[in-house]
Every structure is written in structure tokens, then in C-alpha cells.
Amino acid sequence: MRNEKSRALFERAQALMPGGVNSPVRAFKAVGGTPFFVARGEGCYLWDVDGNRFVDFVCSWGPLILGHAHPEVVAAVKEAVERGTTYGAPTELEVVLAEKIQQAFPSMEMLRLVNSGTEATMSAIRAARGYTGRKKIVKFEGCYHGHADYLLVKAGSGAATFGIPDSAGIPEGTAQDTIVLPYNDIKAFKETMEAMGEEIAAVIVEPIAGNMGVVLPKPEFLSALRQQTEKHGVVLIFDEVITGFRVAYGGAQALYGIKPDMTCLGKIVGGGFPLAAYGGRKEIMQTVAPLGPVYQAGTLSGNPVAVTAGLKTIEILERDNPYPEIERRTKQLTQVISEAAREAGVPVQINQIASMFTVFFTDQPVVDYASARRSDTQRYAHFFHALLERGVYFPPSQFEATFLSTAHDDEALSFAQEAIRLAMKAIA
Ligand code: PLP
């Protein structure tokens, strides 16, 4: 694989940007390589500046459920740009998008559009604190909710990959109101709620975890969260930044039939642009300015180009209902990975739901952060490189989700399957 141009760009980038990147997971540092610099994307493929082609199973870390440069999304965006790129004043499209989101997520009785998942979770927690008048929050080990100070505690994703789940630069006082509990541990959760439920403003959870790799909730886990938070007057926040419009049109809450008090969306809802949303019960959202005393704002919030891309993406998902087919393809692929691993004598556990999955290099089930951490991350890194060399781009870290899009067709998938078989043999 040639990478002269990427290497030269990486040199220049490292002189100016920490790690040469604008988000740590892009650095490939954990796997000791040079990241490829992208020239363009189309469908399920990415091309780098050296002319290499990759079947892309990262999908920009989740947003691209329709693949790169979907023609309908591109056409809508082109049209939108011609009408101006930002107004700082309301538009009809924002209302239409808000209505669409509300229909897909009926628990979001009112909502706000923001620019990133980090902003969505931060704002949801502020509203929950403002509404309850309480300070403490509960999060779960290995869940990642963006990079707000009080949420970077035992965090997953890049924070786990780079061994800094508790970031420097966060004053002790800021994180002391964050209680961290093991994912899927109903007993620990109930005990905490019994002991201090009345001091807790919010419980925030990835209803299906994607940031310690994919970890599914035990069936009773989410219902225990719902029951206990209701009992103690705590705001239950589902962080569906990954799962919203991904595991089902209505997200994990539709899949499991559980109604949270608040929901955070990002990634898919922006159709590949910086757009996210938070919302929930009317009485909580009515605390947000200008209706109430909780302040939250944004110069580019509800940006017309981002709204156009998000709206078009959601309209396509609603119209085409690609979910059963994309799940079938994902299952087929994970079966091939299982078989390839078995044939190569490499122990793996694959956690999969809908069009997201993670291949963990371990022989033990992965049900929480502790079990995810027992995977052989070195072997994962070798697997990643072996795939990349063969034209297949998987997430560079064990603690991330692998995604399919509607653009992953038979041709791309059989190409990937062959690469996977060879990669498994190479790392055996
Ligand atoms: N919440 C979850 C579940 C995420 O996976 C992420 C990002 O990966 C975020 C929040 C933060 O979103 P953003 O990177 O857009 O700030």
C-alpha cells in the first residue's frame, strides 16, 4: 500500500495540530501507523490521497447510514447552499426537521438543534439539573457522551483507546458530582439509587453501548433504569447519538419499548453535517431559555445546510425503511467473520445489533467495560492493519463500533469478506 502523500501530510499536520488530527481517534496512534488522508468518498468507498481505495466500515464513526455522497443528499445540499449558508434566524426547514424527529422519537415532546453530540449531552444535563435543582449525575463505565468535563470520567471511545478515561485539565470539583457505575449491573444501580436517589439529577446512558465496542444492554437493565429513575424523580437521559436512526428509525427506545425523559441525538440526524439534537418531556424542556432559566445557545444551531442534509437523510430512511436489509447484510458479514476466526483458530466474540457490531478478540462474553478491556487489543490492532492493507477500513480501535451503510452492496461485501478471511489467517 502506497502512503507517501499521506505521510507527508501527516508530517505537516503534526507540526500544527496535536497528533496531526482534529479528533484523537483519527490519529491511528494506538495502532502505531500513519493515518490515511482522504481525497474523496462515494457510497461505501473511501479513496485516499495516494490513490488507495477502502471499503469503509467506519462511516465517519456512525453518521453515514446512507454511505458517502448519497446523490439525493448531495443534490439537496447543493440547492440549500445557493440560498445562503447561515442566517442566525429561524427557518421553515428547522420546524420540519423538529417535527420529523418528534414523530420518530415521541418521547422528545420538545427539542433543540445543536451542533455536536457533545453539545447535546451537555445541554441535556444542564436542563436536567435546572429542572430538578439537583447536582449529581450517574454515568456508566465505558460509555462516552462527548468531551464535557463532568462526562469524561471512565469514558469510552478515544478516551479508552488512549488510556485517558479520566482526562487531565478537569478540576476535581467538576467531576465529583459524577457517579460512575458498571454497565449492565442492576444491583449496583439499585443500591446507588436507594442510597442517594434524591440527590441525583440525571442518569445518562447509551441504551446500546457503542463506545467500549458494541455492548448490548441486558433486557432488565434498561427497565431497571426506567423504574428506579421514576421512583426517585431522576431524569433518565438516553444518549442515542449513535443509536438514533441507526438501530431502528426510532432508535433504541423504539427497539426496547422504553421511554426516557430526555434523548440526545447526533451523527445520523445531521446527514454528515455538524448537527445534533436534545429534547424530552415538555416540562423539562420548558426550563430552557428563553422559556426558562436554563441557558443554552448557538450561532450556527439549526444551520440551514446541516438541517437540509439531516432532513433529507431522515426522509430517505423513512421512505425506504432500509433497516431489515441492512441488518441482514450485517448478520451475514458477522457470520463470515466468526467462521474465518474459527478456521484460523482465533478466539473472538462478536456483539452485533442492527447495522453495528464489534469483533472483540477474547473468548469470554463482553457485557461491560471490564470484560471489553480483557480483549486482546494488540491483536485487534494487527487485524485492523491486515484489513487496511487489503483495502478494508475497520475502526482502528477495539473500543469502537463497526458500521454498515445502505451503500454496502454485494460486491463490496464479498471483497471485504475475502479480505477478512485473509486477515484472520495473517493474525492467527
Ligand atoms: N454520545 C455518544 C454516544 C457518542 O458516540 C458521541 C461521539 O462519538 C458523542 C456523544 C459526542 O458526539 P460528538 O463527537 O458529535 O461531540
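Whatever order the structure lists them in is the order used to number ligands and atoms, beginning at 1. These values consider heavy atoms only, across backbone and side chains, with no hydrogens, waters or symmetry-generated copies.
The ring-ring contact (aromatic ring centres under 6.0 Å, His included) test with Y183 singles out one residue from Y144, F221, Y369, and that residue is F221. Of the residues E327, H408, R246, the one that meets the side-chain hydrogen bond (donor to acceptor under 3.5 Å, both in side chains) test with S355 is R246.
Not counting sequence neighbours, the partners of D261 by the side chain to side chain donor-acceptor pair (under 3.5 Å) test are R226, R281.
Under 4.0 Å from any atom of ligand 1, one finds heavy atoms of residues S116, G117, T118, Y144, H145, G146, E206, N211, D239, V241, I242, K267.
Taking the charged nitrogens against the carboxylate oxygens, E198 and R134 have no contact shorter than 4.0 Å, which rules out a salt bridge.
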May I have the list of side-chain donor-acceptor pairs in residues 37-46 shorter than 3.5 Å, sequence neighbours left out?
unit_1: R40; atom_1: NH1; unit_2: E42; atom_2: OE1; d: 2.9

Enumerate donor-acceptor pairs with a distance under 3.5 Å from any side-chain N or O in residues 71-89 to protein atoms, sequence neighbours excluded.
unit_1: E72; atom_1: OE1; unit_2: R319; atom_2: NH1; d: 3.0
unit_1: E72; atom_1: OE2; unit_2: R319; atom_2: NH2; d: 3.0
unit_1: Y87; atom_1: OH; unit_2: R83; atom_2: O; d: 2.9

